[in-house]
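Encoded as structure tokens, the structure appears first; notes follow it.
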Amino acid sequence: MMDIIVSWPKNCDYPVWREFIRNNRELFKNVIIVFTDTFFGDDYMDFIKTAMVQDNITFLTSHVRGDKDWRNEAVNTGLKYSFSDWVWFTEQDFFITDHNFWIAIGAIMERADCFGAFEGERLHPCCLFIKRSLLDKTMKDFGILKDKLDHFGLVQRD
């Protein structure tokens, strides 16, 4: 089984993703949601925690200070609570529409240590599966390299 780590802006709700988790919770060891500060808009953290109370979620909050990268801070906060052999980094607007998705994922896991959805030349953070033993060999820097690499680009480079 794998863990999911997702960064969640506290001023947003993703009802379709919440339903996806509810309907597929048995596929995942840990579902780790890390709320991130947005400094504007409403705060839906309490609503989301209540709405997902039966889904056995680990809810965390990441507060970014100074010039730290919000996503790097959130992902590393979540990784402290992840102990599975595999981690799936995803985004709430990544929708699985093929009923064979999980069959394909299982087959790929048998022959690759890192894979996901490509956008151009990069693996996009909307869907990135990585074996924990490989992830632990990286610097675990999920931030950007200004004008060169987007989020997760440094981990992929490592």
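This one's a predicted model, so the numbers in the text were calculated from it and none came from an experiment.
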Before giving the answer on salt bridge (Lys or Arg N to Asp or Glu O under 4.0 Å), spell out for Lys10 and Asp37 the whole-Å C-alpha distance, their side-chain angles and the decisive distance to 0.1 Å.
CA-CA 6 Å; Lys10 69 181 186 179; Asp37 288 325; 3.3 Å; yes
Please indicate whether Met1 has more than 12 foreign heavy atoms, meaning atoms of other residues, nucleotides or ligands, lying under 6.0 Å from its CE.
yes
Counting only N and O atoms by type, is there a donor-acceptor contact under 3.5 Å from the side chain of Thr38 to the main-chain atoms of Phe40?
yes
Do the non-hydrogen side-chain atoms of Cys12 and Phe35 ever get within less than 4.5 Å of each other?
no
Taking Gln92 for the side chain and Ser7 for the main chain, is one N or O donor matched with an acceptor at less than 3.5 Å?
yes
Counting C-beta onward and ignoring hydrogens, is there a side-chain heavy-atom pair between Phe95 and Trp17 closer than 4.5 Å?
no
Quick one: do Val6 and Leu27 end up in the same hydrophobic cluster if we chain Ile, Leu, Val, Met, Phe, Trp and Tyr together by side-chain heavy atoms under 4.5 Å apart?
yes
Please tell me if the side chains of Glu91 and Pro125 come closer than 4.5 Å, counting only heavy atoms from C-beta onward.
yes
Give a yes or no on whether a salt bridge exists between Arg25 and Asp55, defined as a side-chain N under 4.0 angstrom from a carboxylate O.
no
What's the separation between atom CZ in Phe59 and atom CE in Met45, rounded to the nearest 0.5 Å?
10.5 Å
Please indicate whether Glu26 has more than 12 foreign heavy atoms, meaning atoms of other residues, nucleotides or ligands, lying under 6.0 Å from its CD.
yes
Hey, any chance Val75 and Leu123 share a hydrophobic cluster, counting ILVMFWY side chains that come within less than 4.5 Å of each other, even indirectly?
yes
Would you call Asp13 and Arg18 a salt bridge, using N to O less than 4.0 angstrom?
yes
Say you draw a straight line from OG1 of Thr90 to NE2 of His124; how long is it, rounded to the nearest 0.5 Å?
10.5 Å
Could you check whether Lys131 pairs with Asp85 (Lys NZ or Arg NE/NH1/NH2 to Asp/Glu carboxylate O, under 4.0 Å)?
no
Is the distance between the ring centroids of Trp70 and Trp8 under 6.0 Å?
no
Euclidean distance, Ile57 CD1 relative to Ile33 CD1, rounded to 0.5 Å
5.0 Å
Can you tell me if Asp3 uses its side chain to pair, donor with acceptor, with the backbone of Asn30 under 3.5 Å?
yes
In the structure I gave you, are the side-chain heavy atoms of Cys127 and Ile96 within less than 4.5 Å of one another anywhere?
no
Please answer: with hydrophobic residues joined when any side-chain heavy atoms are less than 4.5 Å apart, are Phe115 and Ile4 in the same cluster?
yes
side-chain contact (heavy atoms from CB on, under 4.5 Å), that's the test. Do Val53 and Lys49 meet it? Break it down for me.
CA-CA 6 Å; Val53 71; Lys49 288 177 183 180; over 6 Å; no
Is any side-chain N of the basic residue among Arg122 and Glu119 closer than 4.0 Å to the acidic one's carboxylate O?
yes
Mark yes when over 12 heavy atoms from residues, nucleotides or ligands other than Tyr81 sit less than 6.0 Å from its OH; otherwise mark no.
no
Lys148 NZ to Lys146 NZ distance, which is reported to the nearest 0.5 Å:
12.0 Å
Against Phe142, only a single residue in Asp69, Leu79, Ile5 fulfils side-chain contact (heavy atoms from CB on, under 4.5 Å); can you say which?
Leu79
Check against side-chain contact (heavy atoms from CB on, under 4.5 Å), Met2 and Met109
CA-CA 11 Å; Met2 71 188 83; Met109 284 178 154; 3.5 Å; yes
Spacing of NE2 belonging to His151 relative to CG belonging to Asp141, to within rounding of 0.5 Å:
9.5 Å
Does a side-chain heavy-atom distance below 4.5 Å link Asn72 with Lys140?
no
Hey, quick one: are Phe94 and Ile21 part of the same hydrophobic cluster, counting side-chain heavy atoms closer than 4.5 Å, chains of contacts allowed?
yes
On a heavy-atom basis, the closest approach of Cys114 and Leu134 is CB-CD2, 3.8 Å
Report yes if the side chains of Leu154 and Leu145 come closer than 4.5 Å at any heavy-atom pair, otherwise no.
yes
I need the minimum non-hydrogen distance between Arg22 and Ala51, along with the two atoms involved.
NH2-O, 2.8 Å
Grouping I, L, V, M, F, W and Y whenever their side-chain heavy atoms are under 4.5 Å apart, do Phe47 and Val34 come out in a common cluster?
no
Distance (rounded to the nearest 0.5 Å) between Thr77 OG1 and Leu60 CG:
7.0 Å
Under 4.5 Å between any side-chain heavy atoms of Phe89 and Leu135, yes or no?
yes
Look only at the side chain of Arg132 and the backbone of Ser82, and say whether a donor-acceptor pair between them is shorter than 3.5 Å.
yes
Do Asp42 and Asn11 have side chains that approach each other closer than 4.5 Å (heavy atoms only, starting at C-beta)?
no
